[in-house]
Amino acid sequence: MAQFWKPGTEKPRLLDDGEGGVLFFSSSYSSSSSGFGFSSTEKQRQRLPVYKYRTAILYLVETHATTIIVGETGSGKTTQIPQFLKEAGWADGGRVIACTQPRRLAVQAVASRVAEEMGVKLGEEVGYTIRFEDLTNPDVTRVKFLTDGVLLREMMDDPLLTKYSVIMVDEAHERSISTDMLLGLLKKIQRRRPDLRLIISSATIEAKSMSTFFQMSKRRRGLEGETLEPKVEPAILSVEGRGFNVQIFYLEEPVSDYVQSAVSTVLSIHEQEPPGDILVFLTGQDDIDAAVQLLIEEGQNDRKKSELIVLPLYSGLSRAEQDLIFSPTPRGKRKVVISTNIAETSLTLEGIVYVIDSGFSKQRFYNPITDIESLIVAPISKASARQRTGRAGRIRPGKCYRLYTEEYFINEMPAEGIPEMQRSNLVTCVIQLKALGIDNILGFDWPSPPSPEVMVRALEVLYSLGVLDDDAKLTSPIGFQVAEIPLEPMISKMILASGELGCSEEIMTIAAVLSIQSIWASSRGAQKELDEARLRFAAAEGDHVTFLNVYKGFLQSNKSSQWCHKNFINYQAMKKVMEVREQLRRIAQRLGIIMKSCERDTTAIRKAVTAGFFANACQIEAYSHNGMYKTVRGSQEVYIHPSSVLFRVNPKWVVYHSLVSTDRQYMRNVVTIDPGWLTEVAPHFYQQRQLSHMPH
DNA sequence: GAGCACTGC
């Protein structure tokens with residue numbers, strides 16, 4: 001292997017901070033406020049790198065409106081800082097300390113860890129809130145963990161978030177849409193609430209741009225000089241991590257086939273390196289299955305290679321298939337996990353010593369002209385590369401093999417990825433801002449502003465749904481109701497229509513199914529059986545009505561997991577459908593939507609679907625032999641996806657829920673309609689499209 | 001007859 005690789009100079013756990021203005025405090029250990037002898041958890045707390053910055057952090061939070069903390073994994077910032085704040089009195093007088101996370105699992109894990117360290121029952125002094133689960137008690141909860149999406153929802157009832165004294169936004173470097181929205185809105189809140197403190201916690205050094213972002217709000221206000229106010233300039237503090245060193249190797253020459261290159265690197269490691277599991281980052285199911293296949297074939301006629309346990313990992317796998325990843329590696333074997341980005345942040349694997357990084361991942365891009373989102377294989381950023389590398393150093397020093405050259409890493413790889421906000425359709429984001437009373441959407445102060453074209457397109461869609469009026473204000477009641485329902489606006493509109501059409505029971509089910517990934521079980525190696533199972537539920541009207549048949553069968557089976565397994569249905573997904581449906585039913589009740597079943601009248605159901613998705617109407621091409629459709633709106637060429645029950649049935653008129661773009665545009669989840677309904681449910685859109693009168 | 005990185009309310 002030596003001739004293929006050369007050691008790099010970069011050490012991933014060291015921050016290459018060329019940034020000025022980074023504050024390093026090295027105060028001595030502070031004592032605990034408990035006054036008791038140190039318990040073992042107390043000792044563990046003190047060993048975390050963040051512990052020696054306790055005084056510094058509390059000082060900075062006291063004196064600065066915003067504190068930016070750059071901390072690598074293992075620094076302990078997420079679990080310790082909320083406790084420091086609590087001990088220092090930030091939760092006195094009924095105030096609450098909030099800490100947001102991008103993911104539900106992280107919220108639960110961190111909250112229970114902190115409750116344990118503080119010796120309190122989870123849900124009392126320390127609590128958490130995620131969708132479907134609120135483990136807090138408003139009277140006693142003082143430290144609250146929540147997803148950033150939940151905090152955004154809380155702003156709809158309490159726009160200034162008055163009960164919180166400090167809000168810590170964790171994992172801000174991931175730059176998800178909801179984190180970015182939160183940052184923009186918190187900056188606005190700061191102007192009205194000088195008492196509020198923000199802590200922005202990030203794993204990368206882009207702290208500088210974040211600092212500039214938070215600096216300006218106060219300047220504009222002209223607060224400088226007022227003595228009682230906190231400093232307008234955000235503080236930046238850097239905290240070291242506690243990972244092990246990872247040695248990095250680069251390719252000497254670029255390769256064209258990273259799958260093949262990854263496979264041969266796995267084999268070289270296995271031949272030449274001491275025991276330790278391998279994690280390979282590829283881009284998607286295709287790549288991963290191909291690599292798994294190649295490695296299994298290699299193992300079939302070679303004793304040494306047969307010691308490899310090769311496991312794929314991506315979100316489409318069933319729970320049981322994913323759980324295989326966590327089983328301990330037997331003696332004399334070596335586990336090789338071949339994964340998508342899921343292992344970069346969402347899942348942590350223990351026992352990984354070697355990481356192989358292809359340098360690519362699938363990323364979403366959005367084209368506002370065609371209104372199509374697509375997944376494209378694109379180069380990752382340096383920040384991602386470091387994150388991947390860090391996965392090798394969790395238990396002991398590790399090695400990372402990058403399937404690109406050092407020259408490429410240094411000179412060509414972008415420092416940071418493009419924030420999700422600049423790669424997505426923003427319809428949901430815009431309606432949330434409108435609901436929060438932000439009128440000037442185009443002038444909103446974002447950490448990374450999206451293009452005006454994307455914003456205008458979102459406003460156009462909301463206008464066509466009747467959610468916004470000519471002045472781009474939320475309509476009443478429809479606009480406010482759609483904003484209240486936590487789903488895509490087109491699904492929410494469909495729900496509202498179902499109340500009037502007398503089919504709300506059915507539409508709630510359809511809305512719940514459409515809002516989750518897929519109710520079908522993954523079908524690796526059993527495609528034919530899955531297709532047959534799907535046919536057992538198939539309805540002539542299309543996929544939406546088919547979902548109703550599945551849901552009915554599931555209820556009749558008494559929500560049996562065995563029934564799901566037998567019918568190639570994802571049991572976890574069905575449980576989620578039930579949860580979402582229940583939440584929707586409660587919201588509908590609040591909004592005064594009458595719950596009613598239309599029995600077997602699928603006309604009402606399909607009309608309700610059309611009321612939300614009229615913009616996705618398509619007509620088949622008159623002399624098409626290959627099932628080509630054209631969208632009514634833009635004459636775009638589209639095809640029914642082979643997984644649809646209407647595939648090869650090719651009805652004349654359909655509406656679809658979403659497009660998958662590969663070599664062709666495929667419509668997923670398709671239902672037949674009568675074209676007459678289009679002018680009936682959306683006259684403004686199909687009869688008098690007033691292009692001159694678009695909202696702005 | 002083909003394919004969906006990952007979250008979240």
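Just so we're on the same page: letters track the sequence lines, and every chain starts at 1.
Taking only side-chain atoms of A/Tyr666, from C-beta outward, the nucleotide of B/dA5, B/dA2, B/dC4 with the closest atom is B/dA2. Distance from the side chain of A/Arg364 is smallest for B/dA5 among the nucleotides B/dA5, B/dG1, B/dG8. Listed nucleotides: B/dG1, B/dC9, B/dC4. Nearest to the side chain of A/Val150: B/dC9.
One atom, CG of A/Leu313, and another, P of B/dA5, lie 12 Å apart when rounded to the nearest Å. Residue A/Leu530 contributes atom CG, which lies 16 Å from atom P of B/dA2 at whole-angstrom precision. A straight line from CG of A/Asp289 to P of B/dA2 spans 17 Å, rounded to a whole angstrom. Taking atom CD1 of residue A/Ile177 and atom P of nucleotide B/dT7, one finds them 15 Å apart after rounding to whole Å. Counting to the nearest Å, the C1' atom of B/dG8 and the CG atom of A/Leu182 are 12 Å from each other. One atom, CZ of A/Arg590, and another, P of B/dC9, lie 16 Å apart when rounded to the nearest Å. Rounded to a whole Å, the CG atom of A/Leu146 is 12 Å from the C1' atom of B/dG8. Rounded to whole angstrom, the span from the CD1 atom of A/Ile495 across to the C1' atom of B/dC9 amounts to 13 Å.
Comparing A/Gln432 and A/Asn341 by the nucleotide of DNA chain B that holds the closest heavy atom to each, the one mapping nearer the 5' end is A/Asn341. Of the two residues contacting DNA chain B, namely A/Thr428 and A/Pro642, the nearest-nucleotide position lying further toward the 5' end is that of A/Pro642.
Residue contacts for A/Ser176: at a heavy-atom cut-off of 4.0 Å it reaches no nucleic acid atom on any strand shown. Within 4.0 Å of A/Leu375, counting heavy atoms only, lies at least one base atom of the nucleic acid. Backbone-only engagement by A/Thr340 is indicated by non-hydrogen atom pairs under 4.0 Å involving sugar-phosphate atoms exclusively. Across all strands shown, A/Ile130 has heavy atoms under 4.0 Å from sugar-phosphate atoms exclusively, and none from any base. Nucleic acid contact for A/Arg103: sugar-phosphate only, since backbone atoms but no base atoms lie under 4.0 Å from a heavy atom of the residue. As judged by a 4.0 angstrom heavy-atom cut-off over every strand, A/Gln517 is placed among the base-contacting residues.
A side-chain donor from one of A/Ser361 and A/Gln363 sits under 3.5 Å from a side-chain acceptor of the other.
Between B/dA2 and A/Arg668, no contact under 4.0 Å exists linking OP1 or OP2 to a side-chain N or O. Side-chain nitrogen and oxygen atoms of A/Ser315 include at least one within less than 4.0 Å of the OP1 or OP2 phosphate oxygen of B/dC6.
Note that the CD atom of A/Gln108 and the CD1 atom of A/Ile130 stand 4.0 Å from one another [nearest 0.5 Å].
With sequence neighbours excluded, no residue forms a side chain to side chain donor-acceptor pair (under 3.5 Å) with A/Asp286. Every residue two or more places apart in sequence or in another chain that forms a ring-ring contact (aromatic ring centres under 6.0 Å, His included) with A/Phe613 is listed here: A/His657.
In the interface, the side chain of A/Asp531 is paired with the base of B/dG1 through a donor and an acceptor atom under 3.5 Å apart.
Both the sub-6.0 Å distance and the 45° axial angle are not jointly satisfied by A/Lys144 relative to the ring of A/Tyr128.
For the side-chain hydrogen bond (donor to acceptor under 3.5 Å, both in side chains) criterion with A/Asp357, the lone passing option out of A/Arg386, A/Gln387, A/Arg402, A/Arg388 is A/Arg388.
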